[in-house]
Peer 1: 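The structure's right below; bear with me while I get my questions together.
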Amino acid sequence: MPFTVSVVVQLPAHSALAGPLSYSCEQALAPGSLVRVPLGRRETLGVVWEAPAPPDGAQLKPVTTVLEGIPPLNAVWRQLVGFAAGYYQRALGEVALAALPPQLRELDAAQWHRRLRRKSRETETALQADVPPPAPTAEQAQALARIQSEDGPFLLYGSTGSGKTEVYLRAVQAALAADPQAQALVMVPEINLTPQLEERFVARFAPAFGRQALVSMHSGMTPAQRLASWLAAHTGSARIVLGTRMAVFASMPGLRLIVVDEEHDPSYKQQEGARYSARDLAVYRGRLESRHGGQPCRVLLGSATPSLESWHHSRPAAEGGKYLRLAMPSRVGAGRLPAVRLVDMGQQPRNTQLAPQLLAAIGARIARGEQAMLLLNRRGYAPVLACGSCDWKSLCPHCSAYRVFHKIDRSLRCHHCGYAERVPRACPECGDVDLAPVGRGTERLEEHLAHLFEGMERPGAEGEDRRVRVLRIDADSTRHKGALEEQLAQVHAGAVDVLVGTQMIAKGHDFRRITLVAAVNPDGALFSSDFRAPERLFALLMQAAGRAGRDASQGAASEMWIQTAHPQHALFAALRRHDYPAFADGQLAERMQAGMPPFSFQALVRADARTQQAAQAFLTQAASQVTGLPGADQVLVYPAVPTAVQRVANVERAQMLVESASRGALQQFLAAWQAVLHGTRRDGGIEGVLRWAIDVDPLMV
Ligand code: ADP
Ligand code: ZN
Ligand code: ZN
């Protein structure tokens with residue numbers, strides 16, 4: 001065995017081993033080669049990480065199989081994975097293996113060769129370009145010109161309906177035309193919610209490049225489909241990859257453009273395992289690819305309501321900005337953004353669900369054959385079921401949270417642990433049968449609307465069923481495969497008059513008939529303890545407003561209604577003027593004052609334990625040993641506190657915030673503190689600690 005190769009494998013969590021393992025091999029395997037190696041009693045997939053070395057005399061186990069027939073994973077991919085592992089404080093092997101399609105792990109040499117020989121079954125159908133692409137608007141042309149002539153990264157700050165997608169399409173077109181090997185990666189927050197985007201890309205590029213030149217990458221695909229997409233991207237036969245956050249790790253040797261649509265969306269942050277931000281990694285990857293490729297790999301972030309981080313990064317270069325801001329303020333076709341109307345719920349009788357003026361406005365839309373969309377960020381019928389005679393409420397026995405009342409199947413369901421039961425006939429405490437729902441969710445709103453509009457007729461021909469149709473779209477109504485597509489199709493076809501839903505319907509959809517959008521009860525986010533709650537609310541309401549009046553001919557008459565007890569709030573004042581910059585600058589000023597991100601850098605350490613006391617004791621003990629660690633003098637470690645929902649599925653959860661004005665100091669500190677946390681878990685003498693994890697740049701604090 002003439003060579004020693006270092007191989008990155010997925011080790012058990014909290015393993016004492018870290019970094020690559022050494023194996024012997026007959027061949028001088030190039031870094032990035034895929035191999036199968038023995039690990040304990042198993043055999044596992046690994047990636048060769050460094051250049052092979054001569055044997056050093058040690059007794060090494062040999063590599064079992066080399067997965068031949070494809071090029072090795074390139075240096076940029078390995079650097080990206082290495083950076084992500086270091087930055088997000090996870091094991092290299094965990095990040096590397098999670099970045100590969102799961103099915104790769106299962107294939108032995110014979111299966112692998114069969115898989116590579118298999119030709120794609122899809123026959124190449126010649127597609128005709130039926131609709132020629134529209135000529136770009138002046139704003140689009142200007143943005144595109146800068147994307148071609150400068151290096152970026154770019155922040156495309158464009159109103160909803162300003163034609164950002166058209167800019168993405170043309171930027172991809174230009175990147176692919178410049179070089180026959182070039183590839184583009186286009187990321188969206190939730191690909192299942194945006195089949196329209198996929199359609200637009202297929203319609204635009206399949207005629208010239210073939211349907212196989214476009215592949216998707218998201219968790220809704222089967223393992224076989226994911227492997228096929230991965231291979232197509234890795235070998236270069238896919239020119240365009242459309243994907244969710246996981247696609248940021250796609251192996252793409254010709255990558256020249258990365259688009260991150262709706263870059264502010266929280267779903268770009270992975271919430272378990274390596275908690276990476278795909279948006280931030282995209283920017284990092286663009287830099288790496290440019291440095292290695294000799295040609296620029298441009299990164300284009302797009303949003304109507306950028307994250308405050310990206311907005312801050314795109315301030316003028318003279319003030320320290322690193323991104324180029326490209327503004328597209330106008331809607332295509334001189335369409336106007338909807339007028340924002342605030343309803344002061346303080347002036348309404350208590351417990352009013354929908355103000356009369358809003359109902360009248362919805363009724364008028366229905367009568368004209370237009371659609372209305374009502375947003376309520378709470379699914380189920382009511383968040384709590386309560387007894388009228390005693391104190392009983394529908395608490396979850398396993399969580400510090402109420403179970404939600406779902407009337408449709410008469411169940412009480414915990415949205416945290418999933419525990420579900422049939423609604424009891426009588427109060428489990430006192431036996432009274434007077435159990436009443438408290439508060440409202442989408443099911444109840446749907447029922448209420450159906451009742452209110454019962455007597456009304458929608459326009460239609462003689463003899464047609466002209467009853468008003470209310471449709472609810474949320475995680476419950478779309479549980480079955482294909483249900484969301486089917487429900488969206490009904491909305492697009494005009495078979496629905498009033499659409500009720502959670503934020504699921506507020507994002508991205510190009511609805512053409514909706515002329516009124518209403519946020520039924522958005523106040524909760526105004527006074528949240530999470531400092532990012534206003535930012536998320538503003539983005540959600542702007543997004544929601546952007547669903548109205550997308551057909552320019554109706555833009556002038558479209559409206560966004562907001563029911564609030566705080567009509568004077570600055571957030572609504574900015575929303576009324578569609579003034580994201582004013583809102584963002586106000587928020588940034590507050591954050592600067594308070595030393596919060598993006599003016600500081602944060603990490604959370606979370607601990608799960610059998611008791612709250614143990615979870616906090618573990619964190620406190622680890623925090624007591626930070627003196628002298630690198631970076632510690634520039635880092636502030638806050639006391640351990642219970643998480644917002646402190647008990648889930650009988651596990652107690654606590655967290656500790658760590659903050660620094662210097663990203664570098666925080667990074668150094670976390671890397672060193674990891675060993676302390678491992679040691680505390682091992683030798684700390686605290687019983688019942690189940691797990692802990694670090695979340696760098698946490699989104700929810
Ligand atoms: P955004 O992504 O900014 O919300 P879209 O890209 O979806 O906006 O564009 C909104 C609508 O305008 C779409 O129906 C799109 O087809 C249309 N559109 C975009 N650019 C143009 C253009 N240059 N000329 C005509 N229509 C356009
Ligand atoms: Zn009772
Ligand atoms: Zn529960």
Side-chain angles (χ1 to χ4, degrees), residues 131-144 156-172 186 188-189 194 196-197 199-201 203-204 259-263 300 302-306 326-335 337 385-404 411-421 424-436 492 506-513 542-555 645-653:
V131 246
T137 63
E139 286 176 1
Q140 285 170 335
Q142 205 168 23
L144 283 160
L156 181 63
Y157 161 55
S159 308
T160 50
S162 62
K164 292 186 288 300
T165 313
E166 184 61 33
V167 173
Y168 306 151
L169 287 161
R170 285 184 178 264
V172 168
V186 180
V188 290
T194 48
Q196 280 194 43
L197 185 83
E199 263 171 44
R200 282 172 78 174
F201 271 80
R204 183 68 58 90
V259 173
V260 184
D261 187 25
E262 308 292 1
E263 67 87 33
L300 176 56
S303 177
T305 51
L326 311 171
M328 297 205 300
S330 322
R331 271 191 156 180
V332 172
L337 286 167
L385 192 69
C387 173
S389 312
C390 76
D391 283 343
W392 183 85
K393 288 194 177 70
S394 54
L395 256 183
C396 175
H398 309 296
C399 304
S400 52
Y402 293 112
R403 280 174 301 167
V404 175
S411 68
L412 292 178
R413 269 188 256 157
C414 176
H415 289 185
H416 296 279
C417 73
Y419 180 71
E421 266 182 340
R425 258 174 226 297
C427 172
E429 296 276 322
C430 73
D432 198 313
V433 291
D434 178 23
L435 296 178
H492 289 300
K507 293 180 187 176
H509 302 290
D510 194 13
F511 296 124
R512 311 302 295 186
R513 299 165 192 255
M542 284 284 275
Q543 274 288 316
R547 297 317 105 209
R550 293 182 71 80
D551 189 333
S553 62
Q554 298 169 330
V645 179
Q646 77 171 64
R647 189 167 51 100
V648 171
N650 296 315
V651 171
E652 290 283 341
R653 307 186 304 173

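One is the number of the first residue; the rest follow in order along the sequence. None of these values were measured; they are calculated from a predicted model. Just follow the structure's listing: the first ligand is 1, and inside any ligand the first atom is 1.
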Peer 1: Considering only heavy atoms, which of Leu197, Val332, Leu156 lies nearest to atom 17 (C) of ligand 1?
Peer 2: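 Looking at heavy atoms only, Val332 sits closest to atom 17 (C) of ligand 1.
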
Peer 1: Going by the atom numbers of ligand 1, which of them fall below 4.0 Å from some non-hydrogen atom of Thr137?
Peer 2: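 Answer, ordered by atom number: 23 (N).
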
Peer 1: Counting only heavy atoms closer than 4.0 Å, does ligand 1 sit against the backbone of Met328, its side chain, both, or neither?
Peer 2: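 Contact part for Met328 vs ligand 1: neither.
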
Peer 1: Between Arg547 and ligand 1, find which residue part has any heavy-atom pair under 4.0 Å and reply side chain, backbone, both or neither.
Peer 2: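 Neither part.
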
Peer 1: Give the atom numbers and elements of ligand 1 that come within less than 4.0 Å of a heavy atom of Lys164.
Peer 2: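 By the 4.0 Å cutoff, the relevant atoms are 1 (P), 2 (O), 3 (O), 4 (O), 6 (O), 8 (O).
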
Peer 1: With side-chain contact (heavy atoms from CB on, under 4.5 Å) as the test, would you mind laying out the steps for Arg331 and Leu337 before giving the verdict?
Peer 2: CA-CA 7 Å; Arg331 271 191 156 180; Leu337 286 167; 3.5 Å; yes

Peer 1: With atoms numbered from 1 as shown, which atoms in ligand 1 lie under 4.0 angstrom from a non-hydrogen atom of Pro136?
Peer 2: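 Those of ligand 1 that fall under 4.0 Å from Pro136 are 23 (N).
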
Peer 1: Are any of the side-chain heavy atoms of Glu262 and Val188 separated by less than 4.5 Å?
Peer 2: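 The answer is no; the side chains never approach within 4.5 Å.
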
Peer 1: When you look at Cys430 and Cys387, which way does the side-chain contact (heavy atoms from CB on, under 4.5 Å) test go after all the steps?
Peer 2: CA-CA 9 Å; Cys430 73; Cys387 173; 3.7 Å; yes

Peer 1: So do the side chains of Val645 and Arg653 get within less than 4.5 Å of each other, counting heavy atoms only?
Peer 2: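 Side chain of Val645 against side chain of Arg653, heavy atoms only: contact under 4.5 Å found.
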
Peer 1: Which atoms of ligand 1 are found less than 4.0 Å from any heavy atom of Ser159?
Peer 2: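 Counting from 1, the qualifying ligand atoms are 3 (O).
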
Peer 1: Minimum distance, heavy atoms only, to atom 8 (O) of ligand 1: which one of Ala135, Gly158, Gly163, Gly546 is it?
Peer 2: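 Looking at heavy atoms only, Gly163 sits closest to atom 8 (O) of ligand 1.
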
Peer 1: Could you tell me, atom by atom, which parts of ligand 1 come under 4.0 Å of a heavy atom of Ser162?
Peer 2: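 What qualifies from ligand 1 is 3 (O), 8 (O).
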
Peer 1: Judged on heavy-atom distance to atom 11 (C) of ligand 1, which of Glu139, Arg512, Glu262, Arg331 sits nearest?
Peer 2: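 It is Arg512 that holds the nearest heavy atom.
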
Peer 1: So between Ala304, Gly161, Ala141, Pro134, whose heavy atom ends up nearest atom 24 (N) of ligand 1?
Peer 2: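 Going through Ala304, Gly161, Ala141, Pro134 one by one, Pro134 has the nearest heavy atom to atom 24 (N) of ligand 1.
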
Peer 1: Using only atom types and a distance under 3.5 Å, with no angle test, would you say the side chain of Arg425 pairs donor to acceptor with the backbone of Val433?
Peer 2: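 Between the backbone of Val433 and the side chain of Arg425 there is no qualifying donor-acceptor contact (under 3.5 Å).
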
Peer 1: Are any non-hydrogen side-chain atoms of Pro424 and Leu435 less than 4.5 angstrom apart?
Peer 2: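 Of all side-chain heavy-atom pairs linking Leu435 with Pro424, at least one is under 4.5 Å.
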
Peer 1: Is the shortest side-chain heavy-atom distance between Phe511 and His492 below 4.5 Å?
Peer 2: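 Yes, side chains in contact.
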
Peer 1: Could you tell me whether Thr160 approaches ligand 1 through its side chain, its backbone, both or neither, with non-hydrogen atoms closer than 4.0 Å?
Peer 2: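 The answer is the backbone of Thr160.
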
Peer 1: Any heavy-atom pair between the side chains of Pro397 and Arg403 that's under 4.5 Å?
Peer 2: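 Answer yes - side chains close enough.
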
Peer 1: Less than 4.5 Å apart, side chain to side chain, heavy atoms only: is that true for Glu166 and Pro136?
Peer 2: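 Answer no - side chains too far apart.
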
Peer 1: Can any side-chain N or O of Ser400 pair as donor or acceptor with the backbone N or O of Arg647 at less than 3.5 Å?
Peer 2: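 Present.
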
Peer 1: Would you indicate whether the side-chain heavy atoms of Met328 and Val167 approach each other to under 4.5 Å?
Peer 2: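 Yes, side chains in contact.
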
Peer 1: What verdict does the side-chain contact (heavy atoms from CB on, under 4.5 Å) test give for Cys414 and His398, after you've listed the backbone C-alpha separation in whole Å, the side-chain angles of each residue and the deciding distance to 0.1 Å?
Peer 2: CA-CA 9 Å; Cys414 176; His398 309 296; over 6 Å; no

Peer 1: For Lys164 and Gly302, indicate whether the former's side chain and the latter's backbone hold a donor-acceptor pair under 3.5 Å.
Peer 2: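 Judged by distance alone, no pair lies under 3.5 Å.
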
Peer 1: Taking the side chain as every heavy atom from C-beta outward, state whether Thr137 and Ser162 have any atom pair closer than 4.5 Å.
Peer 2: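 The answer is no; the side chains never approach within 4.5 Å.
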
Peer 1: Have a look at ligand 1 and work out which part of Gln543, if any, has a heavy atom under 4.0 Å from it: side chain, backbone, both or neither.
Peer 2: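 Gln543 to ligand 1: no contact under 4.0 Å from either part.
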
Peer 1: Within a radius below 2.8 Å of the Zn ion (ligand 2), how many protein N, O or S atoms are present?
Peer 2: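 Every protein N, O or S atom under 2.8 Å from the Zn ion (ligand 2) counted, the figure is 4.
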
Peer 1: The Zn ion (ligand 3): which protein N, O or S atoms are under 2.8 Å away?
Peer 2: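 Hits for the Zn ion (ligand 3) below 2.8 Å: Cys396 SG, Cys399 SG, Cys414 SG, Cys417 SG.
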
Peer 1: Could you walk me through whether Trp392 and Asp432 satisfy the side-chain contact (heavy atoms from CB on, under 4.5 Å) test, starting with their C-alpha distance in whole Å, then the side-chain angles of each, then the deciding distance to 0.1 Å, before giving a yes or no?
Peer 2: CA-CA 10 Å; Trp392 183 85; Asp432 198 313; over 6 Å; no

Peer 1: Check this for me, if you would: do Lys393 and Glu429 make a salt bridge, where the nitrogen-to-carboxylate-oxygen distance has to be below 4.0 angstrom?
Peer 2: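 No.
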
